[in-house]
Amino acid sequence: MSTRILGISAYYHDSAAALIVDGKIVAAAQEERFTRLKHDPSFPAQAINYCLAEGNLKLADIDAIIFYDKPLLKFERLLETYLANAPRGIRSFIRAMPIWLKEKLYLKTVLRREFRQLAEIDKKAPIPKLLFSEHHLSHAGSAYFPSPYEDASVLCLDGVGEWATSTAWKGNGNQLTPLWEIQFPHSLGLLYSAFTYYCGFKVNSGEYKLMGLAPYGEPKYVDIILEKLVTLHDDGSFHLDMSYFDFAVGSTMTNSKFADLFGGPRQPDDAEVTQKQMDLARSIQVVTEEIVLKIVKHLYTLAPSDNLCLAGGVALNCVSNGRLLREGPYKNIWIQPAAGDAGGALGAGLVAYHHYFDGKRSVNKNQDSQQGSYLGPAYSNEDVLSAVKEKGLTAHVQEDLYSFAANLLKQGNVVGWFQGRMEFGPRALGNRSIIGDPRNTKMQSTMNLKIKYRESFRPFAPAVLAEDVSEYFEHECASPYMLLVANVKKALRLQTDESLFGIDKLLQQRSTLPAITHVDYSARIQTVHAESNPEFHALISAFKEKTDCAVVVNTSFNVRGEPPVCSPADAIRCFLATEMDYLVMNNVVLKKADQPEFAIALAKQTKFDRD
C-alpha cells in the first residue's frame, strides 16, 4: 500500500507544492511558474494540480497534506515582538492584524476550503489528513532526506520561520534530531537583507545582486558591522543590535541610525550603482562568510560527520558555500537547490513520510534523490507545435539537434533552450535556460542588456561537462545545482589593469572564458551529468567537439521581473520580446529573423505593459 503525501508552502512568498510517494519525490513546482507572478505567495492551486496530474492521482488518493510551518507559533512571535517594542510598530501592527484575524489564524479552515474548491467537492466533504511541520524542520527535511548521505550534520539559515532563524540538526537514518537554534530577531538572513534594502535592491530577490556586486568592492565596512551591528561569538552564535534595524516591527529593514552609521540615506531603487554600494556588498558578504564558517566549525564539534547538508535562503549564497567546501571541516556538502520557502513544501512532505509515517529511507551514496531537481512539467512536440501554430510563427523540426544547436552557439547566437521537465528552485539547470558561447567577449553585455534587461555587472554561470570541470576551474567535485563558486584556473586567466574601477573594471576581459568569469576570477559552476540531464550533456559535448570548449553560458530563461518560463507559450513570449536569436523547444527550432513582425511587436508591447 503506497503512502502519498502532498507538501505545500504558501502565504508568505514562493508558494509551492510537492508530491511524495513512498518517500520518492514524484513532482515539485512553484506557483509562480504557472501564474507568471514572481515569488507568488498565493495558495498553490496550479502547482498542486500539476503534482497530482504528474502522479496520476486525485486529491482523494492522498494520505496526508502537510503545510510547511506552524502559523500559531508565528502569530505568537508577532504578538510578543509587537508587545516588546510598543508603542513602536503600531502602524505595522494595525496593517498586519486584519489578515491574521481573518485568515492566517484559521489556516486549517482556509486550507480545507481551498482544497475543497480545488477538488470541486462539497464544502463539508472530507479531505485528506492535514498536518503542520515547523518551518525549520521543513528546511532540514529538504536538505537531509534527498541527500546521498546515511548520516549528516544539517544547518538551516534563513530570515525567520516561526521563531527560529538559524537551526542545526543531526540527520541519521530516517530521523532528524534538533541540536540548537538562534531565534528572531537575530537573523543572518535578515542582516543580509537589510544591506540589500539599504543598497537600493528589493528584499527577497535583490540578495543575488548584492552577492554579484561584492567582488567589485573593498571590505571597508567589516569592522563597523562587527563593532556596531553584530556581536559574534566563537561558536558562531550572534546577536544583532536592533537599535539599527526596523524589520522587527517597522515597514522598512533599516532606520535613520543605520543610515547615519554608513554616512547617508538608503540608495534609491534602481539608481546607478556606486562604489559605496560595492564596498557595502563586499563587507556584508565577508561578514556573512565569517559567521557561517564559525557556525559550521562549531557544529562539527557537536555532530561530527563527513557530511553537511544546507537549506534556508542563506544556503543560496554560493560564494559562502564555496568557502565552506574549501575551508570547512566537512568532506562533503549537499545543498537543497530549492533552498528557500519553495523547498519547504518538499521538505515538509519528506518530514511527513519519514517522521509521521515512519517511512524507511533508501540512500544511493553515488546519487541524491533530487533527480537533478527536474521535477516540474514537461511538454511534448505536439504541445510545442500547437503553441507555435497558435501564434502564427515559423518553425522547423531539427533531426540532428545537438550538432545544429552547437553550431548556433559557435556562431555567436543567443539560444533559448527548452527541454524536458522544468527545474524546481531558482536556478536554471539546462531545461529552461538561455545559453551562449562563454568565449565570446560580447556575450555577457548582450545577455544582460538585450536579453535579461538587467544590470550590466550581473555575472553569468558556466555549465560544464562534469568530467571536464577540473580542466577549467579550481574545483573537482560535483556541483549539479549551481550552488558553489570556484575560481577559473590560472592558466585561463588574463592580465588585468588593477588601477581600473567601476564600469571600466567590469568591461575588461579577465579570462579566455570572459562571459562567465567574474571580476575576482570566480564562477558559479554547474556540472552537467549525462545521468541526470542527457540532453544538456549531449549539447555541451557537441559544442566541445566543434570548439574544444566543454563550457557554455547558462542563465535562466526569463527577463527581469518575471519567473523562469514554464510552458512553450511562456518561452515563445520571452523569445519574441527579447533579442534572442533562436529558440529550441525539444527539437523544434524557431529563428527570430523568420518570425512575423506583428508577433514580435505584440510580444514586446506585452512585456512593456507588464513592466
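These numbers come from the heavy atoms of this one structure, side chains and all, not from hydrogens, waters or symmetry mates. Computed from a predicted model, the values in this text were never measured in an experiment.
Listed here is the closest heavy atom pair of Arg36 and Pro563: NH2-O, 2.8 Å. Ala486 approaches Glu474 most closely through the heavy-atom pair CB-O, 3.8 Å. Between Gln595 and Leu393, the shortest heavy-atom distance links the atoms OE1-CB, 3.1 Å. Smallest separation of non-hydrogen atoms from Phe201 and Gly206: CB-CA, 4.0 Å. Pairing each heavy atom of Arg439 with each of Cys549, the nearest pair is CD-CB, 4.1 Å. The minimum heavy-atom distance between Phe557 and Ala571, with the atom names listed, is CZ-O, 3.7 Å.
Of the possible donor and acceptor atoms, one in the side chain of Thr527 sits under 3.5 Å from a partner among the backbone N and O of Ser479. Counting only distance, with no hydrogens or angles, the side chain of Asp279 and the backbone of Glu218 share a donor-acceptor pair below 3.5 Å. At distances below 3.5 Å, not a single donor-acceptor pair connects side-chain atoms of Asn554 with backbone N or O atoms of Ala461. Formation of a donor-acceptor pair under 3.5 Å by the Ser320 side chain with backbone atoms of Glu289 is not found in this model. In this structure, the side chain of Ser556 does not engage the main chain of Asn558 through any donor-acceptor pair within 3.5 Å. Not one N or O on the side chain of Ser142 forms a donor-acceptor pair closer than 3.5 Å with the backbone of Gly347. Judged purely by atom type and a 3.5 angstrom limit, Asn431 uses its side chain to pair as donor or acceptor with the backbone of Arg421. In terms of modelled atom types and a separation under 3.5 Å, the side chain of Gln526 and the main chain of Val464 share no donor-acceptor contact. With hydrogens and angles ignored, the 3.5 Å screen pairs a side-chain donor or acceptor of Ser373 with a backbone N or O of Phe424. In terms of modelled atom types and a separation under 3.5 Å, the side chain of Ser9 and the main chain of Ala16 share a donor-acceptor contact.
A donor and an acceptor atom, one from each side chain of Thr578 and Lys604, are nowhere located under 3.5 Å apart. For the residue pair Asp437 / Gln411, no side-chain donor-acceptor distance below 3.5 Å is found, with atom types taken as modelled. Side-chain contact check for Ser193 and Glu207: at least one donor-acceptor pair (N or O, by modelled atom type) lies under 3.5 Å. For the residue pair Tyr192/Gln285, the side-chain donor-acceptor check at 3.5 Å is satisfied.
Contact check on Glu32 versus Lys38 returns no salt bridge, with no Lys/Arg side-chain nitrogen under 4.0 Å from an Asp/Glu carboxylate oxygen. A salt bridge is defined here as a Lys NZ or Arg NE, NH1 or NH2 lying under 4.0 Å from an Asp or Glu carboxylate O, and Arg573 with Asp570 meets this definition. With respect to the salt-bridge test (charged N to carboxylate O, under 4.0 angstrom), the residues Glu597 and Lys592 do not qualify.
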Subject >> side-chain contact (heavy atoms from CB on, under 4.5 Å) between Tyr379 and Ser567, intermediate numbers included >> reply: CA-CA 7 Å; Tyr379 296 86; Ser567 69; 3.7 Å; yes

**OP:** Determine, stepwise, if the pair Glu579 / Val414 fulfils side-chain contact (heavy atoms from CB on, under 4.5 Å).
**Re:** CA-CA 8 Å; Glu579 305 306 310; Val414 178; over 6 Å; no

**OP:** Might you work through the side-chain contact (heavy atoms from CB on, under 4.5 Å) test for Ile572 and Leu576, ending with a clear yes or no?
**Re:** CA-CA 6 Å; Ile572 289 169; Leu576 293 176; 3.8 Å; yes

Subject >> Test side-chain hydrogen bond (donor to acceptor under 3.5 Å, both in side chains) applied to Ser380 and Asp383, step by step >> reply: CA-CA 5 Å; Ser380 66; Asp383 296 325; 3.1 Å; yes

**OP:** Output, in order, the C-alpha distance, side-chain angles, deciding distance and verdict of side-chain contact (heavy atoms from CB on, under 4.5 Å) for Tyr521 and Thr517.
**Re:** CA-CA 5 Å; Tyr521 299 108; Thr517 305; 4.3 Å; yes

**OP:** Check the pair Phe460, His518 against ring-ring contact (aromatic ring centres under 6.0 Å, His included), reporting the backbone distance first and the verdict last.
**Re:** CA-CA 8 Å; Phe460 287 105; His518 210 4; over 10 Å; no

**OP:** Decide yes or no on side-chain hydrogen bond (donor to acceptor under 3.5 Å, both in side chains) for Asn204 and His39, but give the supporting numbers first.
**Re:** CA-CA 9 Å; Asn204 292 327; His39 302 304; over 6 Å; no

Subject >> Worked verdict on Thr35 versus Asp40 for side-chain hydrogen bond (donor to acceptor under 3.5 Å, both in side chains) >> reply: CA-CA 8 Å; Thr35 63; Asp40 191 342; 2.7 Å; yes

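Atom CG in Leu210 sits 12.0 Å away from atom CE in Met278 (nearest 0.5 Å). Atom CZ of Arg323 is separated from atom CG of Leu484 by 14.0 Å, given to the nearest 0.5 angstrom. Between the OG1 atom in Thr446 and the CG atom in Asn440 there is a gap of 7.0 Å [rounded to 0.5 Å]. Separation of atoms SG (Cys199) and CG (Asp269) is listed at 12.0 Å; rounding is to 0.5 Å. With rounding to the nearest 0.5 angstrom, the CG atom of Asn587 is 6.0 Å from the CG atom of Leu401. Taken to the nearest 0.5 Å, the CZ atom of Arg326 stands 6.5 Å off from the CG atom of Asn487.
With contacts defined as side-chain heavy-atom distances shorter than 4.5 Å, the pair Asn366/Pro148 does not qualify. Here the side chains of Met482 and Ile525 are not in contact, with every heavy-atom distance at 4.5 Å or above. Inter-residue side-chain proximity for Phe418 and Arg432 is flagged as met; some heavy-atom pair is nearer than 4.5 Å. Annotation: side chain of Tyr68 is in contact with side chain of Tyr12 (closest heavy-atom distance under 4.5 Å). Using a 4.5 Å cut-off on side-chain heavy atoms (C-beta onward), Leu375 and Gln370 make contact. Looking at heavy atoms from C-beta onward, Leu465 lies in side-chain contact with Ser541 at the 4.5 angstrom threshold. Contact of the Arg33 side chain with the Tyr50 side chain is not registered, since no non-hydrogen atoms from C-beta on lie closer than 4.5 Å. Asn321 has its side chain out of reach of Leu325: every pair of non-hydrogen atoms, C-beta onward, lies at least 4.5 Å apart.
The environment of NZ in Lys391 is sparse: at most 12 heavy-atom neighbours from other residues, nucleotides or ligands sit within 6.0 Å. The environment of NZ in Lys546 is crowded: more than 12 heavy-atom neighbours from other residues, nucleotides or ligands sit within 6.0 Å. Within 6.0 Å of atom CG in Asp548, 12 or fewer heavy atoms from other residues, nucleotides or ligands are found, so the atom counts as exposed in its surroundings.
Classification of the Trp334-Tyr481 ring pair by plane angle, with boundaries at 30° and 60°, yields perpendicular. The aromatic rings of Tyr582 and Phe404 sit perpendicular, their planes meeting at an angle over 60°, well past the 30° parallel limit.
The residue from Pro146, Cys156, Cys309 that alone fulfils the side-chain contact (heavy atoms from CB on, under 4.5 Å) condition with Gln336 is Pro146.
The side-chain hydrogen bond (donor to acceptor under 3.5 Å, both in side chains) analysis of residues 460-472, with sequence neighbours excluded, yields the pairs Glu467-His537, Asp468-Lys544.
Figure legend: cation-pi geometry between Arg266 and Tyr198 absent, as NZ or CZ is not positioned both under 6.0 Å from the six-membered ring centre and within 45° of its axis.
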